[in-house]
Peer 1: 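First, the structure itself, so that you have it in front of you.
Being a predicted model, the structure only gives us computed values, none of them experimental.
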Amino acid sequence: MTLLQMKGITKRFDGVVANDGISLSVNSGEIHALMGENGAGKSTLMNILYGLLKPDAGEILVDGKAMDFTNPLGAIAAGIGMVHQTFRQFPDLTVWENLVFQNEPRRGPLVSADAARDFVRRLGSRHGLEIDPDSRVRDLAVGIRQRLEILKALSREARILILDEPTAVLTPQERDGLFTAMRELASKGMALILVTHKIPEVIAITDQITVMRDGRVSGTLVTKETSEAEIIKAMVGRNVPPTIAAKVTSDAEPMLSVKELSVRRAGVTIVDAVSFDVRPGEIVGIAGVSGNGQPQLISAVMGLESATGAVSIGDQDISRFPIARRRAAGISYVPEDRHLTGTAPAASIAENIVFGTHRHAAASSKGFLRKDAIRAQARKLIERFRVKAASEQLPIGSLSGGNMQKVVIAREVEHGSPLIIVEEPTRGVDVGAIEFIHQTLIAERDKGRAILVVSSDLTELLALSDRILVMFEGRINARLTGSDMNEETVGRWMMGGAETR
Amino acid sequence: MLNMLLSQVLDLMTPVLLAAMAGALCERAGVFNIALEGKMLVGAFVAVATSVAFGSPVLAVLSAVLCTAVFASPLALGGARLGGDPIVIGIGLNLLAAGLTTYLLGAIFGVTGTLVDPAVTALPKFVIAGLADVPVVGAILGHNALVYLSWLLIFVFNIYLFRTPWGLRLRGIGEVPSAAAAMGANVSRYQTAIVILAGGLCGLAGAQLALGSVALFAENMTAGRGWIAVVAVMLGRAHPLGIALACLGFGLADAVGLRLQGQGLPNQITDIAPYAITLLAMIGLGLRGMKKRSV
Amino acid sequence: MIAAALDTKSRLAAILFSIVAAVLLGGLVVGLTGANPISVYLEIAKGAVLGRGLDETLARSVPLVGMALAAAIALRAGLVNLGGDGQMLIGGLAAALVALYVPVPGVARAVLALAAAICAGGLYAWLAAILQLSLGIPFLIASLLFSYIARGLTSYLVRYPLRDPATGMPETYRVASGARLPAHIFDLPVSMAMIVMAVVAIVIVVNDRSGVNGFEWRMTGLNARFAQYSGVNLSRQTQRVAFLSGALAGLVGALLILGQQYRFTDGALLAPGYTWSGLMAAVLAMASPIATIVASVFFAALQVGGFSMERALGLPAVLTWVLQALIILCLAARPILFRKR
């Protein structure tokens, strides 16, 4: 029985088509995979289904009845629940308080805590998702917090449950628990939509697969009848990544050496004795499912996070240096979030470009800024990096994501540091800028710089990297080169390697 | 002797306690309220001005509550909804209160400094003959209605916050507004209502300050009590019992200061006591977890 | 936080809107108390510029610009300094003590007194910064509480150990004429205090526009994370900015003592409310130094006009405080009125 139908959904953002006539149908009792690379349009489609976005065209039918949501409350009322990647929870409140929020069982004017606890217990045991109602949410492990998020959707009588990349933050054990619970829910007649780009879990658990690419449906498959190769073909298509750099091997002395680097936070080891080198003239990519310690590794290398182990640039041990001295020793760094960390959006493009090197002789002398030189340099970079900006005096926050990222990359490349660390080089960036950014990084490699790239976009890593290190649970569990650098092999190691099939 | 000290502590802590509860409500709702000082001052002025006009203490307290709630509306509109900076609005309100009360004092009553009027009488105290000398009991008796109301409010606030659906929603809204909104709570309506309610509480605090024991209005008579209330909210971690304890400590410091003044210590030194104690308490107890909000 | 991403033009429009709205609201207050708002505003305007008004405005601008810039340099770097009163008192007292009791010849004594005021005010603010950095006590709260302590402490000192028994007032002895700052230089209507403040203002403006330090402070105020990632040592910078903000407040105290009041009288430094007026000017100017100076001169004129209006009409001059506060509130509330997006 078809529980949910989406027909001809189309959505544009500023002229860019994010969803182009998407149709999707899910039966009761079915686990349906929605697959695709980052930027394929999965999130847009699910946000439309959950009432967070309004489609430009198309219709949504639940139980054959046309729906018109203006907000999530409408979707919830229609029996649609969503488990977001970032949990919508109150860490200071208890499990039961989180669960009954806005829907409290009452005894007179008061909340009946007993009734609420009882409700949590009954709901949990009915679905095989037990959880202690009195725990404070901040004390819970991620897997349990996700369980709470699922229970929240179930407590509102959801019959259609969307899970957005639910395994990204889970350990393998937690993931197995989640899959068991998902099968249980499906067996009771619910429809589950699993949004993911991980092939093994799709094969392991789903019934039907819808693959998206560039805002369109590129494949509708039945899991039992398809193969890994067929799924990959639908995801990647003939549309091979634009730039695949010629791979090189560098045997120069390492520019960056990381030895036994570990990060512990509140007793939990997040980065576990990681060692690797990056040599001049090569791009090393770090792959991994998010939540396996990649950002903490980079923070530790940059000195933004306290860590044990050794980091050196060339012959110089920088393990004890604060961030300013590490950068001075020869690191350029493009952080993951350009709005929060990478720029001051209200300051001008020129100021954002010079900040960090403003004490160098090119930008200041005797404590005064050389404003003309700074502006000239900014204009030069704007032109060379083809940033679309009317003037270098405009606030950088007024630029589009791609142009803003180009400015950040331009600034860091211009430092002339022998090592460039780039996190998520092209997240939220348009296609033209992606191509340009990739070519820039490859050109810098060819000039003999050492480049370390962290990306959650596997296609990007495969296109750019000369070597790939895979992080899993805080460790590097694979170092791949040559023919091993393919989607399937890297993906398998990202999932824990030998553990998956 | 001890009875008198205790009784004095209870009197002195009341305005701060009422204002601190207002601050704690706002804190719980996620609005940083530093306008307590100004709102108290407006409450005190309105209470005295109404007394002069009508001679009724009940009417005085009611109009103080009402007018201060109205006075708080810029913070409710500006701070509760996105866009306005609650710190700037708080500073503006404090200065507006100081300017407005002084201006109206001159323009309406033709007075500078202090307004005393035979029509202004202190709120009646519940004195039970014969019990005044019984230890502790005597100190607890003999206060006006606002003092007892403030004690009652500690428990009401506690129940509201931790036992009622609205309190639960308030705590959620203050902690993660986006999550609360995603679950269907109307965040800005809640915050607006709470800030206005807190304004009313500050009106009570001002009324107690002006009509509790002195029955007069003086320019800037709050003298930093609103700021001590802000600190009490921090020290008590916006928990009703915690802030009650913090205010008790403040009342004690104030009372001991006044006592020492009686012993011949210059009042300039004893005036420092509440602020110094407040600072020392913050240093001693440490304010871990407050760093993220440091301005 | 306060330095929003407004370009100059829309910022100017916002300020003009706030002033107009405040004048209308203030007129309402005046009207409700039975006076004629038009004649009140006319008197204020006349009083600010006509007759001795201009001179008075200029004289009042000196401390006001100083306190406004003290607030602005802190705001620019993301710190809210509510403790200007305390820093001014401590600085003023230090200047008075040096000018009264340090046995060096005249001019040297004045210079030493100014230096002492700068150090004392700066250290007083630095102490509050240390509390924020080491214990997480917000600078805004700590600096304000320190003000109340400074008030009690200075009041006690000038009433008892430092008191001049010859006057009936709680005040110190008079500073010897050699250690005073001249009220006129070469018989021009320019005081030494004006010159000192002008130099300070120029240094601050230049540092903000072209200085490497000013650039770092401003970027920190805009995005502290970005500043840290770009290599700014935030802890050291916070201490430095707090010190300089307090030092400027202390200097203002010293200029008032050595150039105008000639002794430390209890309450005299705080009575005109320079700290708060200055803070409002800085907020109005969104912490840009040049705009801060313009705003403080405007506020000084407003206050002088207020006094003249009080003399003419008998309405309290404090009305101008109401206007200042209303301007700030209208500015802060503007995003709600003109809901952008």
Peer 1: What part of A:Asn71 lies closer than 4.5 angstrom to a heavy atom of chain B: side chain, backbone, both or neither?
Peer 2: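 Neither; nothing under 4.5 Å.
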Peer 1: Thinking salt bridges, do A:Asp63 and A:Arg159 make one under a 4.0 Å N-O criterion?
Peer 2: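 Answer for the salt bridge query: yes.
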Peer 1: If I measure from the heavy atoms of chain B, does A:Gln102 come under 4.5 Å with its side chain, its backbone, both, or neither?
Peer 2: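 It is both, since atoms from each part get that close.
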Peer 1: Measure A:Arg107 against the heavy atoms of chain B and call it side chain, backbone, both or neither at under 4.5 Å.
Peer 2: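 Neither part.
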Peer 1: Residue by residue, scan residues 161-171 of chain B and write down, ordered by number, those that have a heavy-atom distance under 4.5 Å to chain A; if none do, write 'none'.
Peer 2: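 The list, in residue order, reads B:Arg163, B:Thr164, B:Pro165, B:Trp166, B:Leu168, B:Arg169, B:Arg171.
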Peer 1: With under 30° as parallel and over 60° as perpendicular, where do the rings of A:His84 and A:Tyr50 fit, or are they tilted in between?
Peer 2: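 Rings of A:His84 and A:Tyr50: perpendicular, over 60°.
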Peer 1: Show your reasoning for whether side chain to side chain contact (heavy atoms under 4.5 Å, CB included) applies to A:Leu4 and A:Ile193.
Peer 2: CA-CA 10 Å; A:Leu4 169 75; A:Ile193 301 176; 3.8 Å; yes
Peer 1: Should B:Gln208 and B:His143 count as side-chain neighbours, where that means a heavy-atom distance under 4.5 Å?
Peer 2: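 Side-chain contact under 4.5 Å: no.
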Peer 1: So which part of A:Pro105 gets closer than 4.5 Å to some heavy atom of chain B, the side chain, the backbone, both or neither?
Peer 2: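 Looking at A:Pro105, nothing touches chain B.
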Peer 1: For a quick test of reading the model, state the closest non-hydrogen atom pair linking B:Leu235 to B:Ala281 and the distance between them.
Peer 2: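 Scanning both residues completely, I find the closest heavy atoms to be CD1-CB, 3.9 Å.
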Peer 1: May I ask you to decide if B:Ile34's main-chain N or O and B:Asn94's side chain share a donor-acceptor pair within less than 3.5 Å?
Peer 2: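 Judged by distance alone, yes, a pair lies under 3.5 Å.
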Peer 1: For the residue pair A:Val95 and A:Asp134, establish whether any side-chain heavy-atom pair is separated by less than 4.5 Å.
Peer 2: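 Contact flag for A:Val95/A:Asp134 side chains = no.
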Peer 1: Report yes if the side chains of A:Thr94 and A:Val137 come closer than 4.5 Å at any heavy-atom pair, otherwise no.
Peer 2: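 Result no, sub-4.5 Å side-chain heavy-atom pair not found.
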Peer 1: Given that the side chain runs from C-beta out, which part of A:Leu73 has a heavy atom under 4.5 Å from chain B: side chain, backbone, both or neither?
Peer 2: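 Contact with chain B: side chain only.
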